[in-house]
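I have placed the structure first, in the form of structure tokens, so that the comments after it can refer back to it.
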Amino acid sequence: MSRDEMTALQGERLHKTVETVYHNVPFYRHRMQELDLTPDDIRTVEDIVKLPFTTKQDLRDNYPTGLQSAAQSEIVRYHASSGTTGNPTVVGYTRRDLEIWKEVAARCLTAYGVTKDDVFSVGYGYGLFTGGLGVHYGVEYIGASAVPTSTGNTEKHLRLLRDLKVTGIACTPSYALYLAEAMDKYGMTRDDICLKVGAFGAEPWTENMRKEIEGRLGLQAYNIYGLSEIMGPGVSYECECKHGSHISEDHFYPEIIDPDTLQPLGAGKTGELVFTTLTKTGMPLLRYRTKDLTSLIDGECECGRTNVRMTRILGRSDDMLIIRGINVFPSQVESVILDMPEFEPVYMLVVDRVNNLDTLQVQVEVRKDFFCDEVGMMLQLRKRLADKLKSILSISADVKLMEPNSIPRSEGKSVRIHDKRKLY
Ligand code: DLL
């Protein structure tokens, strides 16, 4: 599509989206009324800057379904991802949303060269996380054979890669490296498998990791990006040029803003990525602040695709950590600790990568009155905290109980995260 055609289509879809949320979502109607806006003020994509932003906090404040636009009877699926504290972010999809999601996921796979002749292993988690089911339906849609391996059980995964002659795989880049390592352990080499392509995302990765994964698994490694609030995997994807990820901008309109001033930044400038959904009907979002830092690459790609590209995610403008593909906010850990009278509100999260798998250790100070030499009691306390953390974070943390006053206090901003992972 030419730029002019795309801009016209986006303007039309934007107007329709704004009209829909204005009438169906009180949150947006009030925000727009505060700004003295009606849907008629939003006609072209240039008008988007008049609209209010949406944040994860807004989703939390309207938990669970306050921002839903479609009637309950129209929602056919829910997914959920981590909120900044206890409440997850819930996203409802209509049948039409799932159709579009399937199509954008299939676009990614097609760009990687996947066809109906491929056997494709989906190694993202199936469940509330969007990775598994999101990629799965794209694989089926193009007629390739989906193998829903999900996460865990690496030995069975490797066996299936070999025996089903799997040619494509989707998983986090760190899990891809973990698989490569496990192959050594089980006495397999890359000649025992016939992988050709991999779709890696859900967490940041680098060019060096790409080289390493490609070398060890013998495949072409491509980026896949997405977030559940906007859809899930498939918001953007690399093509064979591996120079930026093409955004499905006919469905998700991207902007880059300065995270401090909230002003739009020009082409090529690095800032926070913001998306407005253009076709979603379950929970359309206006100017959703992803907190992901990146820049947009204008102009046509050598592959011939005309849709705009984004560079790799360079970081976040908030303190969200991605651990084993799961989003973790330090504030979630804090809220659990503050709820338990046995602990001081002093803690430290130590994140590391051991054998290509992320680890999380939560160090927390036990209050003087509760600290004791009785091992059984301390073990019980440790287990209670570990269980609560597991249920809130969806990943296991190694809890380390610390003596009162043993975690260093800082004079300025407290340092609560020690991320030892090196994205080399
Ligand atoms: O991670 C969706 C997804 C699943 C994408 C599978 C790709 C593959 P959430 O759990 O909502 O959704 O997390 C979204 O993960 O805002 C980024 O910070 C990060 N992220 C996702 N993909 C990439 C990527 C899924 N390719 C958050 N590179 C986003 C860097 C990524 N970060």
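All ligand and atom numbering here is 1-based and tracks the order in the structure.
- Less than 4.0 angstrom separates some heavy atom of Gly131 from each of these atoms of ligand 1: 4 (C), 6 (C).
- Both cation-pi conditions hold for Arg416 and Tyr347: the charged atom is under 6.0 angstrom from the six-membered ring centre and inside a 45 degree cone around its axis.
- Applying the 4.0 Å criterion to heavy atoms of Thr130 picks out, from ligand 1, the atoms 2 (C), 12 (O).
- With respect to Ile256, the side chain to side chain contact (heavy atoms under 4.5 Å, CB included) criterion is satisfied by exactly one of Val274, Leu273, Thr270: Leu273.
- For a threshold of 3.5 Å applied to N or O pairs, the pair formed by Glu203 and ligand 1 contains at least one separation below that value.
- Remark: ligand 1 atoms within the under-4.0 Å shell around heavy atoms of Gly201 are 7 (C), 8 (C), 26 (N).
- Close N/O approach between Ala202 and ligand 1 is found [any backbone or side-chain N/O within under 3.5 Å].
- Counted by atom type alone, Asn223 and Tyr112 present zero donor-acceptor pairs between their side chains at under 3.5 Å.
- Residue, atom and distance of the protein heavy atom nearest to atom 25 (C) of ligand 1 are Gly226 O, 3.5 Å.
- Residue Ile224 has at least one nitrogen or oxygen atom sitting less than 3.5 Å from a nitrogen or oxygen atom of ligand 1, judged on distance alone.
- At the shortest separation from atom 11 (O) of ligand 1 among protein heavy atoms lies Ser228 OG, 2.5 Å.
- Between the side chains of Asp118 and Thr167, at least one donor-acceptor pair of N or O atoms lies under 3.5 Å.
- Here the heavy atom of the protein found nearest to atom 29 (C) of ligand 1 is Asp292 OD2, 3.2 Å.
- Counting only N and O atoms by type, the side chains of Glu203 and Ser174 include a donor and acceptor under 3.5 Å apart.
- Taking all atoms of both residues into account, the shortest heavy-atom contact from Leu217 to Met183 is CD2-SD, 4.0 Å.
- Ligand 1 places these atoms under 4.0 Å from at least one heavy atom of Ile313: 28 (N), 30 (C), 32 (N).
- For ligand 1, the atoms lying closer than 4.0 Å to a non-hydrogen atom of Phe129 are 1 (O), 4 (C), 10 (O), 25 (C).
- Near Asn223, with a cut-off below 4.0 Å to any heavy atom, the atoms of ligand 1 are 24 (C), 26 (N).
- Side chains of Asn208 and Glu212: a donor-acceptor N/O pair is absent below 3.5 angstrom, by distance only.
- At least one N or O atom of Asn327 sits closer than 3.5 Å to an N or O atom of ligand 1.
- Smallest separation of non-hydrogen atoms from Glu214 and Ala221: OE2-N, 2.8 Å.
- The distance between the ring centers of Phe275 and Tyr288 does not fall below 6.0 angstrom.
- Side-chain polar atoms of His79 and Tyr93 form no donor-acceptor pair below 3.5 angstrom.
- In terms of protein heavy-atom proximity, atom 19 (C) of ligand 1 is nearest to Ile322 CD1, 3.4 Å.
- Polar contact check, Arg316 against ligand 1: a nitrogen or oxygen pair lies under 3.5 Å apart.
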